[in-house]
Amino acid sequence: MTGRIEARLAELKIELPQAAAPVANYVPFAVSGNQVHTAGQVSRWNGEFLHVGTVGKDVSVEEAYKAARICGLNIIAQVQAAVGDLDRVRRCVKLNVFVRSDEHFAEQPKVANGASDLMVEVFGDAGRHARSAIGVKQLPFGVSVEIDAVFEFA
Amino acid sequence: MTGRIEARLAELKIELPQAAAPVANYVPFAVSGNQVHTAGQVSRWNGEFLHVGTVGKDVSVEEAYKAARICGLNIIAQVQAAVGDLDRVRRCVKLNVFVRSDEHFAEQPKVANGASDLMVEVFGDAGRHARSAIGVKQLPFGVSVEIDAVFEFA
Amino acid sequence: MTGRIEARLAELKIELPQAAAPVANYVPFAVSGNQVHTAGQVSRWNGEFLHVGTVGKDVSVEEAYKAARICGLNIIAQVQAAVGDLDRVRRCVKLNVFVRSDEHFAEQPKVANGASDLMVEVFGDAGRHARSAIGVKQLPFGVSVEIDAVFEFA
């Protein structure tokens, strides 16, 4: 039996990546009360780094939007690993979106929409979240986008 | 009838901006349990971007302090929209202050004080918060300061 | 009588710095429900700034690892100040690790391990946390690493 959100993922033909395992003394998610805090998720698909480079220089805003969507998919995979059934998600509370940015690139919100749009596609109104979008100098492995999240579950 | 904090705002002649509406699949605040998480608020007053530029190069520390204060006013406006009556605020828990910084500018705490001082002016001891101040490369629309917040309410 | 974690610190010969006092209208920690949010802690030992410079240029990854460990020690000192007895710590929930990075330095996770390894040394499994590692342009006082944390306590 599949849940409501799993059915929705299938209907939207959205495939989740494998939830990446920890590679150090940190873990990909931590549960506190009825919240899941995810580790920063990057544009990595089942181990392979995608969308490496500086947005506004090596990477276009359209490509960075896709990178943010992949970060979002990794976040959903981690939330699923944390709570078991995605139907338990009550709210995507907060996304912190870090965009590796060129000096003159100030469209971080357009990039962040890649993750925001995904959350609403998958969770409907429960996917609407508070968000910060920040232009940073570098990110792990040189990826273009890193995003972490707080979710509330029932 | 006005509440205690509204009366204090009037006494201090502090005017709040309109709480900006969401422009995408994210929202300006999300409530989880008895906490409000705000989206990153920038130095924007009723739609107009103020204090655009790199601090330590185009923008002085004094001007950036004012930018941080405006971010703080937008945060308070969002918290008011979230909880209705500001008297319900029990604590400003955390401010994350992102300052668009020149290579050699390391006075992010002085900038962040613009928001910190405001919180204590308005909320008294309940306005004292944990804070991080970070120097970043770029911010949405090229503004000098972006701040997000966690508040606890009764 | 010393607690379990204090005994562990002594056994590991780990000395905590003095919990730095607030220098402005913000405080080094804020308690909300059963969580402690710490202010951003930098590589400062009892008032003296250590490990100043850009990682990947002035500062090596090994030195930055040590800087992150010092940030972690300051975090533990603040959590102790917040909850009294470190045995009350139920979980290190989240670390946000900001690394002052050179353009081409993308090993922020190796730096962040300095704090992550410390948390597991001190708290065991309760020290395993979600983590974000971000490469930023500048940090207060020019330090190489700043870290803030969310802890859950009983």
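So that the names make sense, note that chain A is the first sequence line, chain B the second, and so on, each numbered from 1.
- B:A133 and C:E146 get closest at one heavy-atom pair: O-OE1, 2.8 Å.
- Within the 4.5 angstrom heavy-atom criterion, atoms from both the backbone and the side chain of B:E103 approach chain C.
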Donor-acceptor pairs under 3.5 angstrom involving side-chain atoms of residues 9-20 of chain C: please list them, not counting sequence neighbours.
none

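- For C:S32, the parts sitting under 4.5 Å from any heavy atom of chain B are the backbone and the side chain alike.
- In plain terms, the two heavy atoms of C:V136 and B:G135 that are nearest each other are CB-O, 3.6 Å.
- The distance from the CZ atom of B:R131 to the CG atom of C:D148 is 12.5 Å, given to the nearest 0.5 Å.
- B:D117 touches chain C through backbone and side chain together, each having a heavy atom under 4.5 Å away.
- Residues C:N25 and B:M119 fail the side-chain proximity criterion, which asks for heavy atoms closer than 4.5 Å.
- Residues of residues 63-96 of chain B lying under 4.5 angstrom from chain C, judged on non-hydrogen atoms, are B:R91, B:V93, B:K94, B:N96 by number.
- Of the residues considered (C:Q35, C:H37, C:K137), C:K137 shows the highest number of contacts with chain B, using heavy-atom pairs under 4.5 Å.
- Heavy atoms only, all atoms of each residue included: B:S132 and C:A39 are closest at OG-C, 4.2 Å.
- Between chain C and the options B:H129, B:R128, B:E152, B:Q108, the largest number of non-hydrogen pairs under 4.5 Å is found for B:H129.
- In this structure, the portion of B:F105 lying under 4.5 Å from any heavy atom of chain C is its backbone and not its side chain.
- Proximity to chain B (any heavy atom under 4.5 Å) is shown, for C:V42, by neither the backbone nor the side chain.
- With a threshold of 4.5 angstrom between heavy atoms, C:Y26 approaches chain B through its backbone and through its side chain.
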